[in-house]
Novice: 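Below: one structure in structure tokens.
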Amino acid sequence: MSAVAAPTAPATPAVGEPGRAVTAHLVRELRRGTLVVAALLALLPPVVVVQYRETVGGELGAGALQVLATNPAIRTLFGPAVALDDPGGFTVWRTGLMTTVLVAVWALLSTVRVTRGEEDAGRWALLRAGTLPARSLLLRVAAVALAAQAVVGAALAAGLLVVGTEPAGALLHGAGTALTGAAFVMLGLACAQVLPDRRSAAGAGGAVLAVAFMARMVADGSEPFGWLRWLSPFGVLGQVRPYAADDPVPLLVLAGMALLPAVLAFVAVERRDVGAGLVRVPDERAPRTALLGSSTGFAVRRGARGWAAWTAGVAAYYLLVGLLTVSLTGFLGDNPQFASAAAEAGFTGMGSAEGYLAAVFALLAVPGGLFAASRIAADAADESAGRHVLLLSLPVSRRAQLAGHAAVLALGCTLLAALAGTAAWAGARIAGSGLGVAAGVGGALNTVPVMLVSLGAAVLAFGVLPRAVLAVGAVPAAGGFLLLVFSDTFGWPPAVRALSPYAHVAAVPVEAHDGAGAVGLLIVALLLTAAGVAAHGRRDVRA
Amino acid sequence: MPTIDPALPAVEAEGLSKRYGRTLAVDRLDLRIEPGEVFGFLGPNGAGKSTTLRMLLGLARPTAGRARVFGDPAEDVRAAHRHLAHVPADVALWPNLTGAEALELLANLGPGTDLGYRDELVERFDLRLDKPCRAYSTGNRQKVALVAAFATRAPLLVLDEPTSGLDPLMGREFQRCVVEAAARGQAVLLSSHVLAEVEAVCDRVGILRAGRLVQVAGLAELRRLRRHEFHLSFAGPVPAGLAAVPGVADVEVLGEGRVVLTLAGEPAPLLRAVAGDDVVQLSVREPSLEEIFLGYYGEAAR
Ligand SMILES: Nc1ncnc2c1ncn2[C@@H]1O[C@H](COP(=O)(O)OP(=O)(O)OP(=O)(O)O)[C@@H](O)[C@H]1O
Ligand SMILES: [Mg+2]
């Protein structure tokens with residue numbers, strides 16, 4: 001029976017229309033992510049609009065919000081507030097930076113995945129073996145990925161239109177978000193052509209993204225550096241000021257920013273071999289035998305580079321935060337209205353270095369949790385590529401291997417937090433603040449339990465839903481953060497708010513450490529991890 | 001190498017079954033491989049060979065039945081994998097490790113490696129070890145896994161199509177390694193599509209078809225079981241009734257007193273049937289192993 005098993009659908013394009021088949025393949029590859037991001041963007045901002053009308057507009061009053069929004073500390077987190085009296089303007093201020101960063105990260109990583117990732121897996125050669133030249137293949141990737149950005153931008157604009165915000169603002173915000181996505185699509189394309197593998201391409205693109213993000217942060221927080229925003233897609237996007245200035249000119253600048261890496265990508269693709277980048281890796285080297293003595297040691301070795309990259313990015317951000325702290329919070333002492341306005345919007349103590357740091361430290365669990373989840377996702381990718389078979393044929397149990405890896409990552413998260421805290425403290429010290437090292441490091445370490453819940457969710461997904469490790473792992477750290485922000489802004493029921501792990505960490509260093517919350521989160525993290533390790537040991541190895 | 005009871009079979013499977021949705025990949029498989037035996041595992045694509053090996057390795061859970069490796073349950077990998085080394089069908093290595101580093105890792109975590117013999121194998125397989133694995137060709141990746149497996153002193157080697165990417169010269173080197181392993185007393189479970197290789201190194205073969213083990217036999221026995229081709233020439237016309245002789249089939253008269261037929265089992269009835277005729281020429285051709293296998297494989301299509 002099996003010798004003449006029914007023919008399956010051909011994976012390679014039919015003769016005569018390779019181009020169209022490749023496009024269809026790319027659409028299939030990007031469809032799911034596009035729908036998820038589009039759905040998020042079509043739903044979240046309108047919820048904010050509706051909630052604004054119901055609560056914020058009335059209770060807080062636009063005046064108080066305005067005061068709040070001129071607080072430079074808050075500006076570095078959310079960008080400058082330009083039209084807080086308008087539901088649309090408020091929504092863009094409150095969600096805009098978050099949603100654009102989400103779109104940018106997704107645009108970058110998915111583009112790298114369907115180009116360099118497919119190439120690393122040997123499938124690109126299959127596509128190229130058709131009659132399609134490299135350039136037209138790349139052109140099709142660009143077209144499909146750009147169309148995905150358009151869908152996402154349209155979904156965002158449509159959501160804002162449906163709830164009745166000003167059409168011009170909605171359309172400009174949607175277009176700006178799509179163009180930011182487009183710039184990062186092109187960046188991903190360029191990195192995929194220039195760098196020799198998926199990891200380094202995603203890493204380099206991620207570094208550019210991080211620098212662009214920090215450039216906007218500095219520009220927003222410190223007027224002498226305001227020009228920096230013109231170097232960052234996030235900064236340029238802010239200049240559109242939807243629902244206020246409604247300025248379309250920055251959109252042209254954004255399009256220009258997309259053009260630069262696009263040219264680089266199309267030039268590079270002709271000058272390299274399939275499976276290699278413009279940057280070549282040396283194909284010979286002496287053996288480095290460190291950390292090859294145990295499966296846990298090997299887990300450290302596999303993750304070390306990624307950890308260093310995430311930690312460098314995060315530490316740079318917190319060093320910057322530390323450096324800005326004094327200038328941001330110094331002038332706030334004179335403005336007592338801030339305290340009450342800020343407290344009502346969920347930012348306590350924004351007037352002091354400690355308060356500002358506590359608010360920014362809450363963010364630390366997002367990259368920390370994503371780092372842990374991404375390492376477990378890399379494990380899942382290794383498994384489905386068959387790279388784990390040799391390891392799993394050794395006399396080391398699968399449970400021990402995964403538990404060891406989880407322990408390594410827990411330690412990695414802790415170290416990442418400690419270094420971020422140290423960087424924030426060092427920055428604050430350099431800028432002349434009296435922040436103690438214990439306050440800096442303690443505030444950062446305070447968020448580690450949230451990261452570990454994300455780690456546990458990722459391990460559980462690895463055990464039961466190995467295709468969705470990153471998505472599930474991101475839920476506690478990233479989804480939980482969004483949930484908390486919305487709950488605080490709109491006074492959602494405490495039961496909903498309590499679902500977010502962030503609800504169970506205190507705002508250290510401005511508040512005292514919440515020991516019970518931390519223990520609770522650690523127990524949840526441990527249970528998730530244990531369940532995932534057990535399920536992973538029980539299921540079949542994929543590939 | 002852990003001490004093991006020599007009376008225990010290297011591999012013992014009882015009623016081993018694996019179902020993937022509606023596909024029954026392996027169907028109630030019983031198998032016993034003795035220590036030191038070289039066992040060939042054959043069957044058409046999709047027959048269930050890899051699935052069986054993955055269950056022996058604890059990489060896939062059997063839907064029913066159980067497997068043991070030197071007495072240790074296959075799912076207890078910490079115990080069972082002390083007795084074995086494995087070369088998978090598609091060898092994927094860590095792209096950032098060099099060949100030397102991959103071998104180092106596998107030796108450090110494996111069931112015990114003879115480093116001197118490993119160096120010799122690296123030499124014999126002509127393996128460059130200073131390249132990162134992403135730069136290796138398919139055959140070179142396979143060689144890394146083979147060197148790592150053969151260099152262990154594990155009493156069982158589980159090899160899934162280990163020569164599919166090797167050139168003929170390396171294929172020969174592989175056969176030598178299997179012979180040496182057998183001489184050291186290591187059992188080898190070798191899944192392969194290269195029949196000449198199976199013929200050269202295996203003591204016994206099992207033929208899997210659509211998940212079922214349709215034949216387990218020594219090579220000589222397998223030959224005996226199969227049909228022999230008889231060419232007969234008669235001075236007169238071909239006698240009638242040859243087709244009715246027990247064991248005779250596929251009678252084909254070639255004209256002018258010449259006939260070709262196949263015979264399964266004892267030749268005595270046929271010889272008696274033609275004893276009264278004037279046989280001027282008689283030749284018997286043994287089927288090649290390839291024909292035997294293709295006979296088994298072909299039946300799968302029916
Ligand atoms: N993970 C899986 N999910 C679903 N079906 C599977 C899976 N693995 C194997 N199968 C099916 O089980 C059957 C046996 O596959 P297996 O890989 O064991 O064959 P094989 O004998 O090794 O073939 P080949 O000679 O091509 O390597 C096939 O029909 C295959 O499609
Ligand atoms: Mg197979």
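In what follows, every chain begins at residue 1, and chains take the letters A, B, ... in the order their sequences are listed.
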Novice: Please examine the side chains of A/R301 and B/L97, heavy atoms only from C-beta on, and report whether any two atoms are closer than 4.5 Å.
Specialist: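 Yes - at least one pair of side-chain heavy atoms lies under 4.5 Å apart.
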
Novice: Applying a heavy-atom distance below 4.5 Å, give me the residues of residues 101-109 of chain B that approach chain A, sorted by number.
Specialist: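 Contacts with chain A: B/E101, B/E104, B/L105, B/L106, B/N108, B/L109.
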
Novice: Looking only at atom types and distance, does a side-chain atom of B/H81 sit under 3.5 Å from a main-chain N or O of A/S393, one as donor and one as acceptor?
Specialist: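 Judged by distance alone, yes, a pair lies under 3.5 Å.
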
Novice: Counting heavy-atom pairs closer than 4.5 Å to chain B, which one of A/R539, A/R542, A/R538 comes out on top?
Specialist: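 Answer, by heavy-atom pair count under 4.5 Å with chain B: A/R538.
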
Novice: Quick one: CG on A/L390 to CH2 on B/W94, what's the gap to the nearest 0.5 Å?
Specialist: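 Those atoms lie 5.5 Å apart.
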
Novice: Between A/E284 and B/T98, is there a side-chain heavy-atom distance shorter than 4.5 Å?
Specialist: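 Side chain of B/T98 against side chain of A/E284, heavy atoms only: no contact under 4.5 Å found.
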
Novice: Please give me the minimum heavy-atom distance between B/G110 and A/L394, naming the atom from each residue.
Specialist: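 For B/G110 and A/L394, the tightest heavy-atom pair comes out as CA-CD2, 3.7 Å.
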
Novice: For residues A/L392 and B/L59, determine if any side-chain heavy atom of one lies less than 4.5 Å from a side-chain heavy atom of the other.
Specialist: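 Result yes, sub-4.5 Å side-chain heavy-atom pair found.
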
Novice: Between A/A286, A/G386, A/P395, who has the most heavy-atom pairs with chain B when the cutoff is under 4.5 Å?
Specialist: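 So the answer, after comparing A/A286, A/G386, A/P395, is A/P395.
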
Novice: Which one wins on heavy-atom pair count under 4.5 Å against chain A: B/A100, B/A135, B/A145, B/P132?
Specialist: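 Maximum pair count with chain A is reached by B/P132.
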
Novice: Do B/R134 and A/D197 come within less than 4.5 Å of each other through their side chains, counting heavy atoms only?
Specialist: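 A side-chain contact exists here, since the closest heavy-atom pair is under 4.5 Å.
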
Novice: Go through the atoms of B/Y20 and report whether side chain, backbone, both or neither lie under 4.5 Å from a heavy atom of chain A.
Specialist: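 Contact with chain A involves the side chain of B/Y20 alone.
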
Novice: With a 4.5 angstrom heavy-atom cut-off, is it the side chain or the backbone of B/V158 that approaches chain A, or both, or neither?
Specialist: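 Looking at B/V158, nothing touches chain A.
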
Novice: Which residue out of B/R61, B/E75, B/R128 racks up the most heavy-atom pairs below 4.5 Å with chain A?
Specialist: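 When all of B/R61, B/E75, B/R128 are compared, B/R61 has the most.
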
Novice: Anything in residues 396-404 of chain A with a heavy-atom distance to chain B below 4.5 Å? Please list those residues in order.
Specialist: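 The stretch touches chain B at A/V396, A/S397, A/R398, A/A400.
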
Novice: Any non-hydrogen side-chain atom of B/N96 less than 4.5 Å from a side-chain atom of A/R305?
Specialist: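 Yes, their side chains come closer than 4.5 Å.
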
Novice: Can you tell me if B/D130 uses its side chain to pair, donor with acceptor, with the backbone of A/R285 under 3.5 Å?
Specialist: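 Absent.
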
Novice: Shortest non-hydrogen contact from B/L93 to A/R387?
Specialist: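 Nearest pair, atom of B/L93 first, then A/R387: O-CD, 3.3 Å.
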
